[in-house]
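Here's the structure we're looking at; comments come further down.
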Amino acid sequence: MSLLTLDHISVAYDNQLILKDFNLSIEQGQLVSLLGPSGCGKTTTLRLIAGFLVAKDGKFMFGGKDYTRVPVNKRNFGFVFQSYALFPHLSVFENVAFGLRLRKMKEDEVKRRVLRILEVVSLAGFEKRFPRELSGGQRQRVAIARALVIEPDLLLFDEPLSNLDANLRVSMRVEIRRIQQELGITTVYVSHDQEECFSISDRVAIMNQGNIEQLDAPSTIFRYPATEYVARFIGFQNFLHFSERQDTDGEIELTLGSQKFKAIKHQGTSHPDARKGAFRPDDLALTEQENRLTDNVLPGIIKVSTYLGRSYQYAVETEYGEFTVNQEMDTPYLSGQRINLIFPKEKMVLVE
Amino acid sequence: MRNKHIGLGLFSLLVYIFLLGPLLIISATSFEPGTVLKFPPSGFSLQWYQNIFKVELFPQTFKTSIVISLLGNLLALLLGVPAAYALSRFSFRGKDTLNAIFLSPVLIPGIVLGFTMLKYLIVVYHLPIYTGLLIGHTVIMLPFIIRVIGSSLSSFDFAIEEAALSLGAGPLRTFFKVVLPNIRSGIIAAVLIAFLESFNNVDISLFMTGPGISTLPIQMLTYVENYFDPTIAAISMLLMILTAVLMFVIERLMGLSYFTKR
């Protein structure tokens with residue numbers, strides 16, 4: 001039984017459907033990222049969960065209760081904003097204490113909790129400062145402390161690190177993950193930064209045009225993307241659009257025009273409808289040898305050759321489109337050279 | 001290049017003389033001991049300052065002006081703050097039109113506005129003079145309130161408001177605890193500017209004052225029609241000082257750039 005369920009949710013904005021028939025469920029204690037380019041609906045999803053937006057259709061269940069119509073201020077969710085959104089007129093202490101005071105807590109209890117949470121985010125001794133006197137990273141930690149101190153049932157992050165510089169981003173995400181795991185708090189995290197999401201999440205939802213293309217553990221997504229969109233997103237650049245797929249005992253036989261291809265059965269080829277073979281540039285190989293008779297080979301011509309330092313990158317033109325190949329070698333192939341392009345069957349991932 | 005700067009300097013000097021000259025002349029003449037306005041003054045005396053308080057109508061209309069300006073200000077705030085908030089916070093159909101309507105009292109000539117109000121508020125609807133005057137001043141203050149507070153809100157990050165909501169504050173509490181404190185200086189500036197606009201107003205008051213009820217500027221006009229002694233210069237001095245003090249307060253609070261922005 002999951003803690004949070006979005007059940008056939010639709011959200012419209014200016015008469016335009018941003019989310020349509022959207023489903024998502026999240027388990028207790030997990031950190032789930034919503035990852036995708038701007039406009040994919042990830043922030044809308046987060047704002048809907050927070051209660052800043054109301055669903056046009058569908059149901060939002062949380063902890064077994066219907067939260068669809070519960071207003072923001074009654075949800076007890078912590079929200080961390082991209083712009084930090086600290087209260088400029090209040091000190092760090094009062095910023096963090098804000099939520100506790102609303103809960104009519106005794107003053108010494110407020111003090112105890114604020115000081116403890118400031119310690120958790122490594123900001124002990126900063127309580128008298130004002131937001132304008134803090135660096136970006138410190139502000140974001142105040143924002144996290146402010147969201148955590150109310151002991152929220154759910155923690156929501158909206159691109160919390162995108163205003164920080166690169167080094168700080170890395171250390172802050174480690175910090176966020178540490179705090180999240182320490183407190184075991186269920187978290188939804190929105191970002192467009194792939195590395196960020198993959199490094200801190202239990203599960204990542206790759207979103208595209210208001211849909212979740214894939215929701216899996218980061219390592220699963222990285223190795224076994226489910227759709228072409230996800231595959232492209234994580235660096236697969238080569239796709240073979242097969243016309244036929246035949247599953248046999250240990251292997252899968254595929255047809256592309258007059259060419260036969262084979263793929264090995266594994267998690268990445270298990271979906272019976274998946275018929276696009278996906279490869280990273282590093283996964284393909286080039287050979288000058290004439291071996292037309294073997295499977296998984298396409299003849300082609302080198303179009304462009306680019307020196308990458310460790311390897312050369314080639315754009316190879318074939319009957320079925322252009323492919324990108326990285327190959328380590330001492331003397332590079334020349335443009336215009338005829339070549340055979342090998343698609344190793346053990347590397348092939350089949351996507352939709 | 002150098003010549004150009006001298007030219008510019010001279011030009012600026014002329015502008016300053018043109019702007020400040022009359023004020024200096026007025027202040028000098030207010031100390032005239034004689035019974036007629038004269039420049040340069042023939043001596044030094046404070047008798048016309050004393051005269052202000054001897055002519056009963058001056059303190060009396062001053063009081064009316066203050067009360068009308070403060071009450072009108074309060075009304076304009078009650079109307080203007082929610083309006084400014086809604087106009088900055090939400091996007092909705094007809095927003096631009098509404099904006100234009102709220103600002104129209106500054107665009108319509110005061111004479112036209114004053115006459116229209118006289119015609120409808122007093123002649124057609126028979127409102128008491130005092131009420132009519134109050135409404136008139138509220139209307140002319142409203143655009144300043146909305147404009148200045150709106151400009152204050154335009155730099156307000158509404159995520160801050162959402163942060164308060166997510167921490168458990170209701171919408172009203174959020175407004176008073178989070179939004180209001182952060183636009184406080186804008187509100188004070190708006191109040192001061194609107195106050196000056198109302199307090200110095202002639203064109204609306206001209207139509208909306210009546211038997212027994214007048215404002216200070218109107219009383220000054222009436223006085224000048226009958227007398228030509230330096231009392232009027234003395235009053236002008238006091239009003240200038242009042243204005244200067246208020247401007248100083250605004251400048252301290254948020255800088256005069258508030259007036260030049262947009």
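Just so we're on the same page: letters track the sequence lines, and every chain starts at 1.
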Heavy atoms of other groups near A:Arg178 CZ, more than 12 under 6.0 Å: yes

Heavy-atom pairs under 4.5 Å with chain B, option from A:Pro71, A:Gly99, A:Pro88 with the top count: A:Pro88

Donor-acceptor under 3.5 Å (A:His89 side chain, B:Val179 main chain): no

Distance in Å, A:Asn76 CG paired with B:Ser166 OG, rounded so as to fall on 0.5 Å steps: 10.0 Å

Under 4.5 Å from a heavy atom of chain B, the part of A:Arg101 involved: neither

B:Tyr120 OH: over 12 foreign heavy atoms closer than 6.0 Å: no

Spatial distance of atom NZ (A:Lys74) from atom CG (B:Leu165) [nearest 0.5 Å]: 10.5 Å

Side chain, backbone, both or neither of A:Leu156 within contact of chain B (heavy atoms, under 4.5 Å): neither

Straight-line distance of A:Phe98 CZ to B:Thr174 OG1, nearest 0.5 Å: 6.0 Å

CD/A:Gln16: more than 12 non-hydrogen atoms of other groups inside 6.0 Å: no

Atom NZ of A:Lys56: over 12 foreign heavy atoms under 6.0 Å: no

Over 12 non-hydrogen atoms of neighbours within 6.0 angstrom of CD in A:Gln209: no

Pairs of heavy atoms under 4.5 Å with chain A: top-ranked of B:Gly170, B:Ala163, B:Pro181, B:Pro171: B:Ala163

Matching residue for B:Leu167 among A:Asn95, A:Asn73, A:Ile150, A:Val96 - test: side-chain contact (heavy atoms from CB on, under 4.5 Å): A:Ile150

Interatomic distance, B:Ile160 atom CD1 to A:Leu90 atom CG [nearest 0.5 angstrom]: 10.0 Å

B:Phe92, CZ: over 12 other non-hydrogen atoms inside 6.0 angstrom: yes

Side chain, backbone, both or neither of B:Arg173 within contact of chain A (heavy atoms, under 4.5 Å): side chain

Engaged part of A:Phe81 at the chain B interface, taking heavy atoms whose separation is under 4.5 Å: side chain

B:Phe90 atom CZ, neighbour heavy-atom count above 12 within 6.0 Å: yes

NZ on B:Lys177 to CZ on A:Phe87, rounded to 0.5 Å: 10.0 Å

